[in-house]
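See below for the structure under consideration.
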Amino acid sequence: MSAGPYSYSYIFKYIIIGDMGVGKSCLLHQFTEKKFMADCPHTIGVEFGTRIIEVSGQKIKLQIWDTAGQERFRAVTRSYYRGAAGALMVYDITRRSTYNHLSSWLSDTRTLTNPSTVIFLIGNKSDLDGQRDVTYEEAKQFADENGLMFVEASAKTGEMVEEAFLETAKKIYQSIQDGRLDLNAAESGVQHKPSQTGRTTLTNDQPNKDSCSC
Amino acid sequence: MITEDVVDSALSDVAENESKKRPSKIQSQDRQSVSKSLTGKSAIEAGSILGSPEDDVNALNEVQMASPQNTSDDDIEEICDILQDCTIFNGVTYLGTVTVNAPKSETEIQRNMVDLNEQIVEGIKVSVSIPSCSDGSVVMYDGGTNTVMKKYEVCRITFYAHGKPESNEAACFAFTWTHGDSIESSIFQCHVFRCDIPEAGGFCATPRDRDSFKIRSNVEKQICLTVTQLASESQKKLEVKRCFGVLIAPGRHVKHSDMQLLDMVLLGSDKGDSAGFTISGQWNPKDKAFLLLNSETPREEKIPLTVAVDLVVRGITEPVRLLVETHVKVFPKNERFWYFSRKTSLVQPFFLHLKEESNCEAVILRDINRTFTAHEFFKESGGGGQDALFRLSKAYAAHDTEVGYCQGLSYLAATLLLHMPEEQAFCVLLKIMYDYGLRELYKDGFDCLYLRLYQLNRLMEVSSWIDLDAESKGMDSSDYMLHHFVNKHLCVRLRSFAKMAIAPSIRKLFSNFLNWSVDLSKTYHTV
């Protein structure tokens, strides 16, 4: 990251976790590129994506770590949890097993992140309602019981994808405002980058277009 | 993990033989030895002489040098999931990938290197295989298990860059790879790697060039030697009781006074009969006595180095000093040696060709269940022998598209299969066909074959000196060929040339005729 003025005030670190093939990379891709990647290559280790969004008038750079779902990478991916401000926990609504594994993902997240980390549960592939294997209600209940935010989304159609990422950011930003999240803590997952006024040229009003690779 | 370029090379240093206290009064003898590679480490061996008035013994010294790096005693497993002519780099860390919009932008690729290098502490330990030609793939292997993690076709790689020197990303490199089959659906992924060969933490074997060790300046070094007695029936086994000094000096024919005693690390241990006596010593490169070994060697040059060990050998009253000469090349401290292994075997094309479609398949299939079916190995339809024969014939046909599959080739292939595994048979078949000219006989139109048969015919007509057995008299050459050569002798021929049941003159004739048999046993061994 280059020195000098930033076009954003904060950096939030996100991780995307969940079983193999639930569509983590597609969600990331949909969010950063506004495109659905049909034959998404399976992730090895980690895929990294960024996009600048705006919450309450503040430009926030989301730094998203999309992890490999494959069990063999679990040891490696665990090292990415540290310092995540937001965790998007994904399951596939058409595959019950991916839902059943959520408790294991959740316990990893709880153990490896800090208490202020916002965990957002995403039931992906909502476009495949006909093949549904997990009801909205039970997932909602699971989310409520564990204090998670929850939506069903579709990386294919883009439905609710934006919302999931943005809601997570809002929640994190809220925590900062409330003082629940200590910016100075080493592993808060948030970096404050005071932006310089007068350097508006760098500011990106269409965050999804070019900013994703900033 | 670090591996060494294990190159077999002969080093024929002659070592002197002197006792420590008295100048050499022991008879000495020059020997040469061929170096062999040690597991996971480079080694040089130089013939050296150990002797005494009573015993004239030849000992073999092995010298190993090490400089501090990560120690890895594990053997580097053969990496062979994907067979292509390639160079494999070990000790690489995969940091991750970023989807990019501008695949050919240096700025973008650099930025991703910065991001990932900054963020990823651990990464994934991998080995990366770089193909030697553009139709291959860059293959990423799991560093622990050596299983294939991902293949990146070279034709889909659009851009490559490495981190700027002196920057935090100096150890990084990255390439962008196109994923997807159509322009609309494709995405560009920037894959970032880091190649950090740690500077500290134990010693690891230094790489070596053909005849010199590549060492780095200002890095603490260790030298390991193994003293082994060459096997000999007539000599009695010498027992090294102990070693009381390891000495080195730059140069050759150095004076004893110029030799520097090293700090002994391992005073020597006898690991059993064949393993030899191992000794190692350490030296601080900054010591001024080793100045020459600590300053960079100009390109194309090397520094001679004399290494000595002083031993007490049971049965020999005086201590014995063994000297070995070798060469070193000194590189800057931050020099990064590439630890790679190169694969150029013919075995790889075999596996590649196996996957190829061949339009000869139908013809091959027709032949395989009528080739040597009397033989146990090929008897069963759909059995292992016939399968192997099919694969071998198919791989050959794919390899040699000009000849493709020619009827009759299956006999040759089958013969080879009786003696070796199919991938080796493939190598030998290639050798026979290409290097020994048999391929010419199979070529379209069989012009060469007709010519040879004509020549043989004429020879048989005119030469009473060919001692034909009764059965063969009156046959023309092609019949003779079929009868004797294919049906009777070809199998035998490969197994044991000497045992061939035909007259020597005929054997000679065949040798000339096909001109490959003579050296075949050699070929087989070198495969």
Side-chain angles (χ1 to χ4, degrees), chain A residues 1-3 11 13-16 24-51 61-68 70 72-84 112 156 187 189 191 208-214, chain B residues 93-103 105 107-126 128 139-145 147-153 156 167-169 174 176-182 184-194:
Chain A
M1 265 139 257
S2 56
I11 298 177
K13 178 181 170 180
Y14 278 20
I15 51 165
I16 311 180
K24 298 180 293 297
S25 298
C26 290
L27 285 167
L28 170 68
H29 202 246
Q30 179 61 252
F31 178 67
T32 59
E33 310 284 315
K34 296 263 176 220
K35 265 193 278 184
F36 175 63
M37 200 167 25
D39 59 336
C40 185
H42 77 266
T43 309
I44 294 166
V46 70
E47 180 159 354
F48 182 72
T50 55
R51 191 181 130 181
K61 177 171 167 173
L62 297 185
Q63 199 180 69
I64 308 152
W65 300 90
D66 164 34
T67 63
Q70 227 178 327
R72 64 193 277 213
F73 295 119
R74 199 78 177 253
V76 179
T77 50
R78 282 198 178 107
S79 69
Y80 305 131
Y81 285 65
R82 207 171 44 235
L112 299 161
K156 189 169 185 180
E187 304 197 335
Q191 291 174 57
N208 53 26
K209 198 73 186 120
D210 306 307
S211 56
C212 51
S213 46
C214 284
Chain B
T93 304
Y94 177 68
L95 297 181
T97 180
V98 185
T99 301
V100 294
N101 292 318
S105 154
T107 329
E108 178 132 9
I109 206 167
Q110 290 289 348
R111 191 168 45 208
N112 290 325
M113 266 190 261
V114 172
D115 278 357
L116 282 164
N117 187 45
E118 204 171 69
Q119 304 285 335
I120 306 278
V121 186
E122 289 178 39
I124 300 171
K125 301 287 171 229
V126 295
V128 179
V139 185
M140 189 158 91
Y141 297 91
D142 185 300
T145 61
T147 51
V148 176
M149 296 171 85
K150 182 84 181 163
K151 281 197 285 179
Y152 304 101
E153 302 87 341
R156 285 170 174 266
S167 70
N168 290 337
E169 297 75 49
T176 45
W177 181 73
T178 317
H179 172 81
D181 293 322
S182 66
E184 303 80 49
S185 71
S186 64
I187 57 157
F188 306 109
Q189 287 187 316
C190 171
H191 295 277
V192 184
F193 298 81
R194 185 167 57 207

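Just so it is clear: chains get the letters A, B, ... in the order the sequence lines come, proteins before strands, and each one is counted from 1.
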Fill in: Student check: side-chain heavy atoms of A/T32 and B/T99 closer than 4.5 Å
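They are not in side-chain contact.
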Worksheet entry | Contact winner vs chain B - A/D66, A/L28, A/I44, heavy-atom pairs under 4.5 Å |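 Going by pairs under 4.5 Å, I would pick A/I44.
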Discussion item. Distance check, rounded to the nearest 0.5 Å: A/E33 atom CD versus B/I187 atom CD1?
Written reply: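 The CD1 atom of B/I187 is 8.0 Å from CD of A/E33, to the nearest 0.5 Å.
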Over all heavy atoms of both residues, which pair between [X] and [Y] is shortest? Give the atoms and the distance, please.
X	Y	value
B/L95	A/V46	O-CG1, 3.2 Å
B/D115	A/F48	OD2-CE2, 3.3 Å
B/Q189	A/E47	NE2-OE1, 3.8 Å

Worksheet item: Side chain, backbone, both or neither: which part of A/Y80 has a non-hydrogen atom closer than 4.5 Å to chain B?
Response: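 For A/Y80, side-chain heavy atoms alone lie under 4.5 Å from chain B.
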Practice prompt. Apply ring pair (Phe, Tyr, Trp, His ring centres under 6.0 Å) to B/Y152 and list each qualifying residue two or more places apart in sequence or on a separate chain.
Written response: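 B/Y152 satisfies ring pair (Phe, Tyr, Trp, His ring centres under 6.0 Å) with B/F175, B/W177, B/H191 only.
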Worksheet item: Above 12 or not: heavy atoms from other molecules or residues under 6.0 Å from CZ of A/R82?
Response: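 It does not: A/R82 CZ has 12 such atoms or fewer within range.
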